[in-house]
Asks: 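This structure is in structure tokens; I'll ask about it shortly.
Just so it is clear, the structure is predicted and the values come from calculations on it, not from any experiment.
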Amino acid sequence: MSENSKILLEGTYQFIEGEVNYSQENFKFYQFPDLQQFRLDAEILARVETGEFLKILVRYEMNHHYIPFFIKVEKSMGTKSATEIYKFDTIEQELKYTFQNADGIKEFERPLNARQYLTTPAFSTSTFFTLSKKFDQTGRTSVTLVSSPNEWDFVGPLQEKVVYGEFISRDESEFKINGKVLEAQKLCLFEHSSHEKTDGEATNIFISSYHGIPYELTHGDQKVTMKNLKKNY
């Protein structure tokens, strides 16, 4: 990739359940003007119940339409480690997935279209889909999320889950981080469409009006919030 890059954003998230801060994520968001591409690098750090230290590195490369074409997820904890690589051919609409651990390498290919969105363990990559997805202005819009069930061992192919998103308002609203006022949009995610009788608690996400970076997520007593943010534009 071209060395002509610019760091647009860098920041840190805190993961909180109840009153406990159990994890942290640091990220940097790059622009490559010559290639018309973007890249986000994230580092997730957490202490698990066994006392071991979990570290996850995510590299997320996108074209100028914010469609990912290369994703790498590296996980390590104690003596365990695993790496996942996603290579997406945006022209042929084909995804090649590779999983590697101490036991070897597993690979497979599958079709993937523009209405299916790859997810990663990094919260900073979780709302890029809003930049390429067309949302219904009057109700909830279905979103197909594609994720990996594989943690330390290969257990199976990628899985799909449909959620339903609704922007409470596309108008920019003020959102504060450490006293600083930022422009944000509020997205609500639901398990069910508005036509179904069953409905659970919404997941609320405040998203930056620039580049689709999430500022904060709340769901019940779980919260992911931006601790600090540095803009370079």
Side-chain angles (χ1 to χ4, degrees), residues 11-18 20-29 39-62 67-89 94-113 116-129 143-163 165 189 191 200-201 203 205 213-214 216-225 227:
T12 301
Y13 295 104
Q14 290 182 323
F15 294 72
I16 301 169
E17 185 169 4
V20 179
N21 177 8
Y22 63 91
S23 184
Q24 177 174 299
E25 176 179 330
N26 306 305
F27 75 90
K28 290 184 179 181
F29 183 59
R39 189 182 90 211
L40 187 141
D41 292 341
E43 178 186 61
I44 305 160
L45 306 169
R47 183 77 68 178
V48 300
E49 293 180 356
T50 60
E52 293 179 296
F53 192 67
L54 171 66
K55 182 177 181 179
I56 304 175
L57 300 177
V58 176
R59 179 169 177 158
Y60 197 95
E61 299 182 16
M62 300 172 286
I67 303 297
F69 59 86
F70 180 85
I71 300 172
K72 185 176 184 179
V73 180
E74 299 175 273
K75 296 170 283 189
S76 61
M77 185 177 68
T79 59
K80 296 188 293 187
S81 64
T83 300
E84 296 175 284
I85 295 177
Y86 305 74
K87 294 181 179 179
F88 179 48
D89 187 325
E94 286 286 334
L95 174 70
K96 181 178 181 180
Y97 171 82
T98 302
F99 178 88
Q100 181 175 4
N101 64 4
D103 295 328
I105 298 175
K106 298 285 187 180
E107 294 181 330
F108 67 82
E109 296 183 4
R110 58 157 287 174
L112 191 79
N113 61 52
Q116 298 168 307
Y117 300 92
L118 294 168
T119 66
T120 81
F123 178 62
S124 49
T125 69
S126 63
T127 49
F128 283 135
F129 71 88
V143 181
T144 302
L145 303 178
V146 179
S147 63
S148 167
N150 307 311
E151 295 184 357
W152 306 111
D153 298 299
F154 182 84
V155 298
L158 302 180
Q159 300 174 340
E160 293 187 8
K161 179 180 180 180
V162 177
V163 297
L189 294 179
E191 294 286 333
E201 185 176 11
T203 298
I205 309 177
I213 295 289
E216 182 178 273
L217 175 149
T218 57
H219 181 83
D221 64 349
Q222 295 183 328
K223 184 176 183 179
V224 184
T225 187
K227 180 182 179 182

Asks: Ile85 vs Phe70, test: side-chain contact (heavy atoms from CB on, under 4.5 Å). Steps then yes/no.
Replies: CA-CA 7 Å; Ile85 295 177; Phe70 180 85; 3.7 Å; yes
Asks: Could you report the tightest heavy-atom contact between Thr125 and Ala122, atom names first, then the distance?
Replies: OG1-O, 3.0 Å
Asks: When the side chains of residues 94-102 are checked against the rest of the protein, which donor-acceptor pairs come out under 3.5 Å, sequence neighbours left out?
Replies:
| from | atom 1 | to | atom 2 | distance (Å) |
| --- | --- | --- | --- | --- |
| Tyr97 | OH | Glu84 | OE2 | 2.5 |
| Tyr97 | OH | Ser148 | OG | 3.3 |
| Tyr97 | OH | Asn150 | ND2 | 3.0 |
| Asn101 | OD1 | Asp103 | N | 2.9 |
| Asn101 | OD1 | Gly104 | N | 3.4 |
| Asn101 | ND2 | Trp152 | O | 2.9 |
| Asn101 | ND2 | Asp153 | OD1 | 3.4 |

Asks: Is any NZ, NE, NH1 or NH2 atom of the basic residue among Glu61 and Lys87 found under 4.0 Å from an Asp or Glu carboxylate oxygen of the other?
Replies: no
Asks: With heavy-atom distances below 4.5 Å as the criterion, would you say the side chains of Tyr60 and Asp41 are in contact?
Replies: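 Tyr60 vs Asp41: side chains apart.
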Asks: Would you compute the distance between atom NZ of Lys223 and atom CG of Asn21 and round it to the nearest 0.5 angstrom?
Replies: 11.5 Å
Asks: To the nearest 0.5 Å, how far apart are CZ in Phe129 and CD1 in Ile67?
Replies: 12.0 Å
Asks: Given Lys161 and Glu191, is the salt bridge (Lys or Arg N to Asp or Glu O under 4.0 Å) satisfied, shown in steps?
Replies: CA-CA 9 Å; Lys161 179 180 180 180; Glu191 294 286 333; 3.3 Å; yes
Asks: Is the closest side-chain donor-acceptor distance between Glu25 and Ser124 under 3.5 Å?
Replies: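 Side chains of Glu25 and Ser124: pair found under 3.5 Å.
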Asks: Heavy-atom count around Glu151 CD within 6.0 Å, excluding the residue itself: above 12?
Replies: no
Asks: As an exercise, state the distance from OH of Tyr22 to CD of Gln222, rounded to the nearest 0.5 Å.
Replies: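 Answer rounded to 0.5 Å: 5.5 Å.
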Asks: What closest approach, in Å, do Tyr86 and Val73 show between heavy atoms, and which atom pair accounts for it?
Replies: CE1-CG2, 4.5 Å
Asks: Which heavy atom in Leu189 sits nearest to a heavy atom in Gly165, and how many Å separate them?
Replies: CD2-CA, 3.7 Å
Asks: Does the side chain of Phe88 come within less than 4.5 Å of Pro68's, by heavy atoms?
Replies: no
Asks: Atom OG in Ser23, atom CD1 in Ile16: separation rounded to 0.5 Å?
Replies: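 Nearest 0.5 Å value for the OG-CD1 distance: 11.0 Å.
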Asks: Could you pull out the closest heavy-atom pair between Leu158 and Phe108, with the gap in Å?
Replies: N-CZ, 3.5 Å
Asks: Would the distance check show the side chain of Tyr13 and the main-chain N or O of Phe27 forming a donor-acceptor pair, the cut-off being under 3.5 Å?
Replies: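 No.
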Asks: Write down the atom of Arg47, the atom of Phe53, and the distance for their closest heavy-atom approach.
Replies: NH1-CB, 3.9 Å
Asks: Would you call Val163 and Thr203 a side-chain contact if the rule is heavy atoms closer than 4.5 Å?
Replies: no
Asks: For the atom pair CD (Gln24) and CG (Asn26), what is the distance rounded to the nearest 0.5 Å?
Replies: 5.0 Å
Asks: Do the side-chain N and O atoms of Ser147 and Gln159 include a donor-acceptor pair separated by under 3.5 angstrom?
Replies: no
Asks: Calculate, to the nearest 0.5 Å, the distance between atoms OG1 and CD1 belonging to Thr120 and Ile71 respectively.
Replies: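 One gets 6.5 Å once the value is rounded to the nearest 0.5 Å.
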Asks: Compare every heavy atom of Asn113 with every heavy atom of Gln116, then report the nearest pair and how far apart it is.
Replies: OE1-N, 2.9 Å
